[in-house]
*Asks:* 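Below is the structure I would like to discuss, written out as structure tokens.
Every value quoted in this text rests on a predicted model; they were computed, and no experiment measured them. Start at 1 and go down the list; that is how both ligands and their atoms are numbered.
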Amino acid sequence: MKDISCKLLVIGAGPGGYVCAIRAGQLGIDTVIVEAGKPGGTCLNVGCIPSKALIHAAEEYDRIVHLANGRNSLGIRTTKPELDLSQTIVWKDGIVGRLNSGVSGLLKKAKVKIVQGRARFRDGKTVEVETETGRQIIHAENVVIATGSAPVELPNLPFGGFVISSTEALALTSVPERLVVVGGGYIGLELGTAFAKMGAKVSVVEAQTRILPQYDAELTRPVAKRLQALGIEVMTGAKAKGLAKAGGTLLIEAEDGSEKSLAADKILVTVGRKPVTQGCGLDELVLDMDGPFIRIDERCRTSMRGIYAIGDVTGEPMLAHRAMAQGEMVAEIVAGHKRAWDKRGIPAICFTDPEIVTVGLSPEDARRTDVDVKIGQFPYSANGRAMTKMGEDGFVRVVARADNHLVLGIQAVGQGVSELAAAFGLALEMGTRLEDIAGTIHAHPTQGEAFQEAALKALGQELHI
Ligand SMILES: Cc1cc2nc3c(=O)[nH]c(=O)nc-3n(C[C@H](O)[C@H](O)[C@H](O)COP(=O)(O)OP(=O)(O)OC[C@H]3O[C@@H](n4cnc5c(N)ncnc54)[C@H](O)[C@@H]3O)c2cc1C
């Protein structure tokens, strides 16, 4: 097979890699992308998209089950629905398939050459790829490592049999009767909630003292309340110890030190994700590391000239939109543009029930800085649109500097608040002050009005509370 030479080689076609390659192609850079699996990476194939599809199906099903359960205040009468999860999975796979083709089409449109296979570094400028038709050697002036991340395995609960990762959970064709989720982070809770809505008896085992430990307790409280209402048992301060000899039972050490056992048909382990740095010949390079991640600077440059790294392989926050923003930036840097990472915030969303969205500093983070802060919070119980959607649990909170009212962070918890991430992100990125949000006409009746009211509250000018 004839060697390929290019200006830019991207390894991995997840959100980081494919965006980098598309932008590079648009800028006229001779670009090759290598992908071992399917275009779109974790996000499109076994992450963001399929999980949100499953969550949507579970929500729809649960809504009808709820309506069918006797009299409801909406006045809707219906009979109990049935769920055919195998059909749901066919629908979900259809969406994934369409997006796979979409990414391939966009890469082709940008004149990016796609090589299918696993890439392995020979040296900093040469990569070999095992393809179906033989070994392909690629020489590149610049290389972007965008190899992403994989689920963390617990040594005492290795994946296999009924111990599954999020990847297998997203492909189950029947709802397990009893599902134990080990790890109460966003992935475990999103999937655990979906399966509970689909009829599984779900238990969550979390080693820390509360669920979603990276978010402040006030934000997570409505989620904890809803988990309880859905009948999900949450065991905090509890550690998974391994499987009982008989199988089908998870042994745990409870908060008080006692040993307990939980019967399970599936055990979903979601205790984090690790960067994919093995198996691609990184040991042939001398890259500085930051713990398990590849160390990068504000231009995503690694310690080797001409080698960049983007996305999950470079550390937290491991989010698709961070990977995409890095990818776009690196393509422009390779094209000679003057770019550096100067983002003020990266929104993060938990698609739990209710949803959580955060961008910028939490009140606690802000108080740790030297400046005095003002905080305005507006509850959804006082928002007309939330009432009409029966989603009154939650709030929007704005954190700002006390002296000049510059907004430092925005958080919300509530039904459907994920869509407010755009407004929150824009506000932070534009360097808005409380007065800018308070002085913007927000359409009525919308949940977004709570954003304006939170800013008004921080200014001591609240109108609707
Ligand atoms: C269940 C779940 C839900 C999630 N939900 C969200 C969400 O709602 N929002 C969000 O922002 N993020 C979410 N994430 C995280 C998101 O998927 C990742 O942050 C994102 O995919 C990272 O993109 P990436 O480009 O860095 O890597 P990845 O998407 O992991 O892509 C890396 C690609 O590189 C390929 N690759 C690796 N090694 C090689 C090699 N040697 N040669 C060739 N190819 C290689 C892999 O096959 C893979 O396709 C979720 C993750 C999971 C698991």
Side-chain angles (χ1 to χ4, degrees), residues 9-21 32-56 92 100 103 114-121 127-131 136 138 143-152 164-171 181 183 185-192 194 268-282 284 293-294 296 300 308-328 330 346-352 355-357 418 421 425:
L9 169 65
V10 181
I11 304 178
Y18 84 71
V19 166
C20 182
V32 175
I33 192 164
V34 186
E35 172 54 55
K38 287 190 183 160
T42 302
C43 172
L44 202 161
N45 293 290
V46 291
C48 324
I49 299 294
S51 63
K52 270 78 240 181
L54 206 67
I55 289 168
H56 175 70
K92 179 265 292 178
N100 287 143
V103 170
I114 307 170
V115 176
Q116 176 74 41
R118 185 160 293 279
R120 203 182 154 78
F121 279 100
V127 160
E128 58 184 41
V129 186
E130 290 305 335
T131 73
Q136 173 72 68
I138 307 172
V143 183
V144 176
I145 304 169
T147 48
S149 63
V152 168
I164 58 172
S165 75
S166 55
T167 301
E168 291 79 42
L170 290 166
V181 180
Y186 87 94
I187 294 178
L189 292 188
E190 284 184 8
L191 295 176
L268 168 60
V269 178
T270 52
V271 292
R273 298 191 51 89
K274 58 175 185 201
V276 175
T277 49
Q278 305 289 313
C280 50
L282 283 191
E284 301 298 325
F293 302 105
I294 298 176
I296 51 165
C300 290
Y308 300 80
I310 58 174
D312 285 8
V313 77
T314 63
E316 295 287 355
M318 290 201 223
L319 292 170
H321 41 281
R322 169 177 172 265
M324 292 191 218
Q326 289 178 320
E328 183 261 351
V330 167
I346 302 172
I349 300 172
C350 299
F351 289 83
T352 42
E355 295 171 345
I356 293 177
V357 52
S418 56

*Asks:* Nearest to atom 36 (N) of ligand 1 by heavy atom, Val19, Ile310, Thr147: which?
*Replies:*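 Looking at heavy atoms only, Thr147 sits closest to atom 36 (N) of ligand 1.
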*Asks:* Could you tell me whether the side chain of Thr147 and the main chain of Val276 form a donor-acceptor pair under 3.5 Å?
*Replies:* yes
*Asks:* With the side chain counted from C-beta on, respond yes when Asp312 and Thr42 share a heavy-atom pair under 4.5 Å apart, and no when they do not.
*Replies:*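 With C-beta onward as the side chain, the pair stays apart.
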*Asks:* Hey, are Lys52 and Glu190 close enough for a salt bridge, meaning a charged N less than 4.0 Å from a carboxylate O?
*Replies:*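 Result for this pair is yes, salt bridge flagged.
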*Asks:* Applying a strict 4.0 Å limit to heavy atoms, is Tyr186 in contact with ligand 1?
*Replies:* yes
*Asks:* I want to know if ligand 1 touches Cys43 in the polar sense, i.e. an N/O pair below 3.5 angstrom.
*Replies:*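 For ligand 1, there is an N or O atom that lies under 3.5 Å from one belonging to Cys43.
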*Asks:* Nearest protein heavy-atom contact for atom 3 (C) of ligand 1: which residue, which atom, what distance?
*Replies:*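 Atom 3 (C) of ligand 1 sits closest to the protein heavy atom Gly47 C, 3.4 Å.
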*Asks:* Using a heavy-atom cut-off of under 4.0 Å, does the side chain or the backbone of Arg273 touch ligand 1, or both, or neither?
*Replies:* side chain
*Asks:* Which residue and atom name correspond to the protein heavy atom nearest atom 11 (O) of ligand 1, and how close is it?
*Replies:* Ala320 N, 2.9 Å
*Asks:* To which protein heavy atom is atom 6 (C) of ligand 1 closest, and what is the distance rounded to 0.1 Å?
*Replies:*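 Residue, atom and distance for the closest contact: Cys48 SG, 3.3 Å.
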*Asks:* Give the contacting part of Pro50 toward ligand 1: side chain, backbone, both or neither, where contact means a heavy-atom distance below 4.0 Å.
*Replies:* neither
*Asks:* Run down the list Asn45, Thr314, Asp312 and name the one with the heavy atom closest to atom 19 (O) of ligand 1.
*Replies:* Asp312
*Asks:* Which residue supplies the protein heavy atom nearest to atom 5 (N) of ligand 1, what is that atom called, and how far is it?
*Replies:* Lys52 NZ, 3.2 Å
*Asks:* If you measure every N/O of Met318 against every N/O of ligand 1, is any gap under 3.5 Å?
*Replies:*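 Yes, Met318 has an N/O under 3.5 Å of an N/O on ligand 1.
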*Asks:* With heavy atoms of Gly41 as the reference, note each atom of ligand 1 found under 4.0 Å away.
*Replies:* 29 (O), 31 (O), 48 (C), 49 (O)
*Asks:* In the protein, which heavy atom is nearest to atom 34 (O) of ligand 1, and how far is it?
*Replies:*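 Going by distance alone, atom 34 (O) of ligand 1 is nearest to Gly12 CA, 3.2 Å.
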*Asks:* When you look for heavy atoms under 4.0 Å from ligand 1, do you find them on the side chain of Ile187, its backbone, both, or neither?
*Replies:*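 It is the side chain that touches ligand 1; the backbone stays farther off.
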*Asks:* Got a donor-acceptor contact below 3.5 angstrom from the Asn45 side chain to the Lys38 backbone?
*Replies:*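 The answer is yes, because a donor-acceptor pair under 3.5 Å joins these two groups.
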*Asks:* Does Gln278 CD have over 12 foreign heavy atoms under 6.0 Å away?
*Replies:* no
*Asks:* In terms of residue, atom name and distance, what is the protein heavy atom nearest to atom 41 (N) of ligand 1?
*Replies:*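 Nearest protein contact, heavy atoms only, for atom 41 (N) of ligand 1 is Ala119 O, 3.0 Å.
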*Asks:* Could you find the nearest protein heavy atom to atom 23 (O) of ligand 1 and give me its residue, atom name and distance?
*Replies:* Pro15 CD, 3.4 Å
*Asks:* Does ligand 1 come near enough to Thr42 that some N or O of the ligand is less than 3.5 Å from an N or O of the residue?
*Replies:*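 Between Thr42 and ligand 1 (N or O atoms, distance only) the closest approach is under 3.5 Å.
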*Asks:* Pro317 near ligand 1, heavy-atom distance under 4.0 Å?
*Replies:* no
*Asks:* Residues in side-chain contact (heavy atoms from CB on, under 4.5 Å) with Thr277, at least two apart?
*Replies:* Pro275, Leu282, Met289, Ile294, Val313
*Asks:* Of all the atoms in ligand 1, which lie at a distance below 4.0 Å from a heavy atom belonging to Leu319?
*Replies:*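 Once the distances to Leu319 are compared, the set is 10 (C), 11 (O), 12 (N), 19 (O).
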*Asks:* Return the set of residues passing side-chain hydrogen bond (donor to acceptor under 3.5 Å, both in side chains) with Gln116 (not counting sequence neighbours), or none when no residue passes.
*Replies:* none
*Asks:* Identify, by atom number and element, the atoms of ligand 1 in contact range of His321, meaning under 4.0 Å from any of its heavy atoms.
*Replies:* 11 (O)
*Asks:* For atom 43 (C) of ligand 1, what is the nearest protein heavy atom, given as residue, atom name and distance?
*Replies:* Ala36 N, 3.3 Å
*Asks:* Taking both backbone and side-chain atoms of Gly279, is any N or O found less than 3.5 Å from an N or O belonging to ligand 1?
*Replies:*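 Looking only at distances, the answer is no, because the N/O contact criterion of under 3.5 Å is not met.
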*Asks:* Should the proximity of Ser166 to ligand 1, defined as any heavy atom under 4.0 Å, be assigned to the side chain, the backbone, both, or neither?
*Replies:*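 Only the side chain of Ser166 comes within reach of ligand 1.
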*Asks:* Record the part of Ile11 in heavy-atom contact with ligand 1 below 4.0 Å; permitted values are side chain, backbone, both and neither.
*Replies:*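 The side chain, only.
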